[in-house]
Undergrad: 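Got a structure for you, written out below as structure tokens; questions coming shortly.
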Amino acid sequence: MKVTELIAEAKETIISFEILPPTKGKSIESIYSHLDPLMEFKPAFINVTYHRAEQILKTRKDGSLEMVEIRKRPGTVGICAALMNKYKVDAIPHLICGGFSKTETENALIDLDFLGIKNVLALRGDAAANEKFFTPHNQGHRFAEDLVKQIVDMNNGRYMEEDIIDGAKTDFCIGVAGYPEKHFESPNNDIDIYYLKRKIDLGADYITTQLFFNNEHYYNFENRCKAHGINAPIMPGLKPLTNKKQLTIIPRVFNVEVPVELYTEMMKAKNEAACEQVGTEWLTHQCKDLLKNKAKILHFYTLGKPSVIYNVLKQIL
Ligand code: FAD
């Protein structure tokens, strides 16, 4: 089912999860053991992230260097198919612009359509590990809005090869990313929302947000969206903090703030279990507040400690 239909038909708050493909060398069982306990909460869908290839310098036996491409987390499409098969749940692959030509993107979308996948999250992706700034593939897309346009074209039966006339129309429901604390490259909140609105006006159907630890950022973002005429459903992205290292890593990686109270409580924690307890209580409080404010959906980033998400859901559902 499409995310927009699920939201429109839901009688109570929807729960959904996001997972990462395992690193190369691990089996699909690591995904199942991660998700099995969480399936008790009947998620409406599960997102599967996509990770671009990295270029690394490898030393050959003769000592010379060679640049090789590695993909540490392959398998997004295969995992989506496996989840749909095993759990009978909708799976949403993330599609990124980085590293893809438009033709490769089109072929990926054809695969997804053939698999019966109805939703995709269309993203730009970040700069590659060896780049300072995001650089598009020389035959690819620069911004997520260009990817949205390509998916909308396919939904209208328009493919890249112009001699395909009356092509089969795909029927993807398109999600895009939104940033309660603004995207780190945006000069200010208004410009950030301006480009978000362009994605919606071009045909995106809903917005999934970056994680946040202060609900005020989310409510302000919702209000900014409304003020700019964005009426698409917005789903809040939620992730627990579970250890002290994350206090500095998460702000750097995701460009979000950690509130003083959360920081202070985490610093007081004496051991791993106490840290997890702080993270559980904070996220439970965030969720209860979102529910009080009539959130239609709670989307959990389950990376790392699914048991913390499990404990939070036990308390709020
Ligand atoms: P865009 O919407 O293209 O925006 C990027 C920047 O460009 C913004 O600052 C925007 O304001 C600006 N901009 C947009 N359009 C224009 C324009 N026409 N002209 C000028 N400026 C413009 N990354 C992954 O690699 N894999 C994933 O699976 C993944 N999943 C994610 C899931 C969620 C919910 C979120 C929030 C992020 C995810 N990311 C993922 C990270 C994401 O790829 C990065 O945040 C990336 O830097 C921006 O992606 P975007 O789709 O928001 O880009």
Side-chain angles (χ1 to χ4, degrees), residues 3 16-23 45-54 71-77 79-80 91-100 105 108 112 119-129 131-137 140-151 174-213 217-218 221 224-225 228 230 232-239 250-256 297-303:
V3 164
S16 61
F17 299 130
E18 178 183 295
I19 59 163
L20 271 70
T23 46
F45 53 87
I46 300 172
N47 280 49
V48 184
T49 58
Y50 191 91
H51 300 266
R52 68 185 290 175
E54 285 175 28
R71 194 178 296 279
K72 288 187 185 151
R73 295 179 185 273
T76 299
V77 176
I79 292 169
C80 285
I92 306 186
H94 292 191
L95 278 185
I96 61 170
C97 304
F100 283 90
T105 299
L112 297 176
N119 303 282
V120 290
L121 191 68
L123 302 146
R124 185 194 72 178
D126 281 320
E131 290 171 351
K132 209 162 178 194
F133 302 102
F134 175 83
T135 313
H137 186 289
H141 298 303
R142 176 169 289 276
F143 296 110
E145 66 172 41
D146 304 316
L147 177 54
V148 169
K149 270 188 239 164
Q150 184 174 12
I151 304 170
I174 308 166
V176 289
Y179 301 84
E181 295 173 66
K182 93 171 178 61
H183 185 257
F184 71 101
E185 291 168 22
S186 284
N188 58 53
N189 281 330
D190 284 337
I191 289 179
D192 201 42
I193 296 285
Y194 169 78
Y195 285 119
L196 176 58
K197 182 158 186 325
R198 277 170 65 117
K199 294 192 274 192
I200 300 295
D201 289 347
L202 284 163
D205 299 289
Y206 69 93
I207 298 161
T208 306
T209 78
Q210 183 59 280
L211 59 96
F212 55 91
F213 298 105
H217 289 311
Y218 178 72
F221 173 73
R224 278 198 303 279
C225 284
H228 284 77
I230 297 176
I234 305 176
M235 55 178 90
L238 297 159
K239 176 179 166 58
I250 286 192
R252 183 159 49 82
V253 174
F254 297 101
N255 298 285
V256 297
I297 185 154
L298 300 178
H299 183 68
F300 293 93
Y301 298 115
T302 70
L303 166 71

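Whatever order the structure lists ligands and atoms in, that order sets their numbers, starting from 1.
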Undergrad: Parallel, tilted or perpendicular: which fits the ring planes of Tyr218 and Phe221, with parallel below 30° and perpendicular above 60°?
TA: tilted
Undergrad: Side chains of Phe134 and Arg124: does their closest heavy-atom pair fall under 4.5 Å?
TA: yes
Undergrad: If you count only heavy atoms, which residues are under 4.0 Å from ligand 1?
TA: Thr49, Tyr50, His94, Ile96, Leu121, Leu123, Arg124, Gly125, Asp126, Phe143, Ala144, Glu145, Ala177, Tyr179, His183, Glu185, Ser186, Asp192, Tyr195, Arg198, Lys199, Thr208, Thr209, Gln210, Tyr301
Undergrad: Which atom pairs, donor and acceptor, lie under 3.5 Å between side-chain atoms of residues 189-196 and protein residues at least two apart or in another chain?
TA:
residue	atom	partner	partner atom	Å
Asp192	OD1	His183	N	3.4
Asp192	OD1	Ser186	OG	2.7
Asp192	OD2	His183	N	3.2
Tyr194	OH	Arg198	NH1	3.4

Undergrad: Please answer whether the main-chain N or O of Phe184 pairs with a side-chain N or O of Asn255 as donor and acceptor at a distance below 3.5 Å.
TA: no
Undergrad: Using a distance-only test with no angle check, is there a side-chain donor-acceptor pair under 3.5 angstrom linking His94 and Thr49?
TA: no
Undergrad: For the backbone of Asp126 and the side chain of Arg52, can you confirm whether one donor and one acceptor N or O come within less than 3.5 Å of each other?
TA: yes
